[in-house]
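Protein chains get the first letters and strands the later ones, always in sequence-line order, with residue 1 at the start of each. None of these values were measured; they are calculated from a predicted model.
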Amino acid sequence: MRDGCDTQISDKLMAWYDRHARDLPWRVPPGSTQMPDPYRIWLSEVMLQQTTVAAVKAYFHRFTERWPTVQALAAARDEDVMAEWAGLGYYARARNLLKCAREVARIGEFPRSREGLQALPGIGPYTSAAIAAIAFEQPETVLDGNVERVMARLFDEHTPLPQAKPILTEYAASLTPQHRPGDHAQAVMDLGATICTPRNPACGICPVMVHCAARVAGTAPALPRKTRKPAKPVRLGIAYLGRRVDGAWLMERRPPQGLLGGMLGWPGSDWTEATPADIPPQKGEWHALPEEVRHTFTHFHLRLSLRVAHLPLSATGNFIPASEFNPADLPTVMRKAHKLATAHLDLSEAS
DNA sequence: AAGGCGGGGTC
DNA sequence: GACCCAGCCTT
């Protein structure tokens, strides 16, 4: 217990990581002499909040190509960053990303301490620890979904989440070494992502299987316990997709807070459990589509009814010219609506 | 302390 | 359908 940690477990984890670390675009492989770029670590960690590695890769690549440094990102236009983030979800992350980049650019560099990092927008307990450990080699302890699962199993902890969080933090801290804390953090997360998986954990090939209390008890697949969430209600809405004859679309920028905040979208009703009133954003011949968009958000299912119209060249309002319109810039539900509407509009034009 | 906040993969 | 994912912010 030289480091105040269980060196047996951390040594085995590190040996396993040296052989089996995932090859990730933002990662410096174990054994490399180069130091990770704090900008890339920060960007990847924010993208990875509640998001899978597979989903993040393409976004990380595009962001770093377009904005290679935190100074470049700080100088970006808000709408360009939101458009580049479109489809990744949790859009408050993109707004805070930009705020954070501008703050860091103003200071001159990323703070190295966990406290300094956590004072920045969009950086909470997990992300501050991750950046401090991975980018700056400080012995901070990360606690994400992977670590929670690994700790609950190693120590056979049956207290349900989120109540168990402080306990699991203690366990994770007890394993954090002074040496290579960043690689240790990534090792635990890699273990959780590839071996100690939520269902059907591969205990037979786990590097720390002999230390795992849940494996002895046979409880590993059932851990961690979680209090289950109530079912999602269904909400209804109407969206209006108006295309002018020059190809421009009638759209609106959503308010900066709340659902899909700051993102581009179609005008329409509020989304509520009651049937919405059909009030078009401007006059025209609005046709109801027979098919509706179905989309699930964090806390409700949406059934979005669509109205489409060909609008005359004389129509005014917030039109996005065809040359500037890119469905990839829209959040997914708006993209789905566009896909359905164009299929209908193009069909009606062809006839 | 609790609830809002995306989207896709998986079972 | 429900669960899961390198969580954070507001109230």
Side-chain angles (χ1 to χ4, degrees), chain A residues 22 24-27 40-60 82 85-97 99-100 117-135 140-150 161-163 165-166 169 172 182 184-194 196-201 221-235 254-263 265 271 294-302 330-336:
Chain A
R22 288 179 290 175
L24 303 175
W26 46 86
R27 176 177 280 180
R40 293 166 64 89
I41 299 301
W42 162 71
L43 179 62
S44 67
E45 291 300 343
V46 173
M47 287 183 166
L48 286 161
Q49 289 166 6
Q50 293 290 287
T51 309
T52 56
V53 165
V56 164
K57 280 182 177 171
Y59 284 87
F60 179 81
M82 299 312 286
W85 195 276
L88 200 54
Y90 284 128
Y91 296 99
R93 292 186 295 173
R95 301 193 299 273
N96 284 330
L97 188 82
K99 274 192 212 165
C100 183
L117 287 162
Q118 203 167 321
L120 293 167
I123 300 184
Y126 164 77
T127 307
S128 63
I131 298 173
I134 297 170
E140 300 288 355
T141 299
V142 303
L143 191 76
D144 73 331
N146 286 307
V147 182
E148 286 174 349
R149 186 169 57 255
V150 171
L161 284 165
Q163 191 191 335
K165 205 158 178 147
T169 302
H184 172 80
Q186 296 179 92
V188 180
M189 292 190 282
D190 275 23
L191 187 74
T194 62
C196 198
T197 51
R199 286 173 287 243
N200 304 320
L223 295 177
R225 294 180 55 194
K226 297 192 179 184
T227 55
R228 49 174 297 174
K229 310 210 158 74
K232 295 172 174 155
V234 175
R235 292 191 192 175
R254 298 173 64 86
Q257 279 144 2
L259 191 68
L260 307 180
M263 300 302 290
W271 300 340
R294 291 184 177 233
H295 188 77
T296 299
F297 290 95
T298 313
H299 55 293
F300 64 93
H301 302 288
L302 175 67
L330 307 180
T332 301
V333 66
M334 303 299 176
R335 208 180 297 176
K336 286 183 185 173

Between A:F60 and A:W26, ring centroids under 6.0 Å
yes
Once you apply a heavy-atom cut-off of 4.0 Å, does A:R22 come out as touching a base, just sugar-phosphate, or nothing?
base
State whether A:H299 places a side-chain N or O below 4.0 Å from either non-bridging phosphate oxygen (OP1 or OP2) of B:dG4.
no
Give the rounded distance in Å between these two atoms: OH of A:Y59 and C1' of B:dG6.
10 Å
Residue-phosphate contact under 4.0 Å: A:Q50 side-chain N/O, C:dG7 OP1/OP2
yes
Ring of A:W42, cation from A:R93 - is the NZ or CZ under 6.0 Å from the centre and inside 45° of the axis?
no
Any A:R199 side-chain N or O less than 4.0 Å from OP1/OP2 of C:dC3
no
Please figure out whether A:F300 or A:K336 has its closest DNA chain B nucleotide nearer the 5' end.
A:F300
Classify A:G261 by what it touches in the nucleic acid, base, sugar-phosphate, or nothing, heavy-atom distance under 4.0 Å.
nothing
With a 3.5 Å cut-off and heavy atoms only, can you find an N or O donor on one side and an acceptor on the other between the side chain of A:T51 and the base of B:dG6?
yes
Report yes if at least one side-chain N or O of A:K232 is closer than 4.0 Å to OP1 or OP2 of B:dG4; otherwise report no.
no
Over all strands shown, is A:S44 touching base, sugar-phosphate only, or nothing at heavy-atom distances under 4.0 angstrom?
nothing
Rounding to an integer number of Å, can you tell me how far A:Q118 CD sits from C:dG7 P?
15 Å
Report yes if a side-chain nitrogen or oxygen of A:T332 is closer than 4.0 Å to either non-bridging phosphate oxygen (OP1 or OP2) of B:dG7; otherwise report no.
yes
Which value, in whole Å, describes the distance between the P atoms of nucleotides C:dT11 and B:dG6?
16 Å
Residue pair A:I123/A:L48 against DNA chain C: nearer the 5' end by closest nucleotide is A:L48
Are the charged groups of A:R27 and A:D190 less than 4.0 angstrom apart, N to O?
yes
For DNA chain B, whose closest nucleotide is more 5', that of A:T298 or that of A:N200?
A:T298
Could you tell me whether A:I41 contacts a base, only the sugar-phosphate backbone, or nothing, with contacts defined as non-hydrogen atoms closer than 4.0 Å?
nothing
When all nucleic acid strands are considered with a 4.0 Å heavy-atom cut-off, which category describes A:P162: base, sugar-phosphate, or nothing?
nothing
Whole angstroms only, please: what is the CH2-P distance between A:W85 and C:dC8?
12 Å
Interatomic distance where CZ belongs to A:R235 and P belongs to B:dG6 [whole Å]
12 Å
Presence of A:R93 side-chain N/O under 4.0 Å of B:dG6 phosphate oxygens OP1/OP2:
no
Select base, sugar-phosphate, or nothing to describe what A:R95 touches, counting heavy atoms under 4.0 Å on all strands.
nothing
Figure out the CZ/C1' separation between A:R149 and C:dC3, and round it to whole Å.
12 Å
Name the nucleic acid region contacted by A:G258, choosing base, sugar-phosphate or nothing; use a 4.0 angstrom heavy-atom cut-off, strictly under.
sugar-phosphate
Sugar-phosphate only, base, or nothing, as touched by A:K229 at under 4.0 Å among non-hydrogen atoms:
nothing
Using the P atom in both, what is the distance from C:dA6 to B:dG4, to the nearest Å?
24 Å
A:Y91 has a side chain; which of C:dC4, B:dG6, C:dC8 sits nearest to it?
B:dG6
Between C:dG7 atom P and A:E45 atom CD, what is the distance in whole Å?
9 Å
Ignoring hydrogens and angles, answer whether the base of B:dG6 and the side-chain atoms of A:Y90 contain a donor-acceptor pair closer than 3.5 Å.
yes
Between C:dC8 and B:dG9 - C1' atom distance, rounded Å:
23 Å
Using the C1' atom as the point on both nucleotides, what is the distance between C:dT10 and B:dG7, in whole Å?
22 Å
Is the shortest side-chain heavy-atom distance between A:F300 and A:L259 below 4.5 Å?
yes
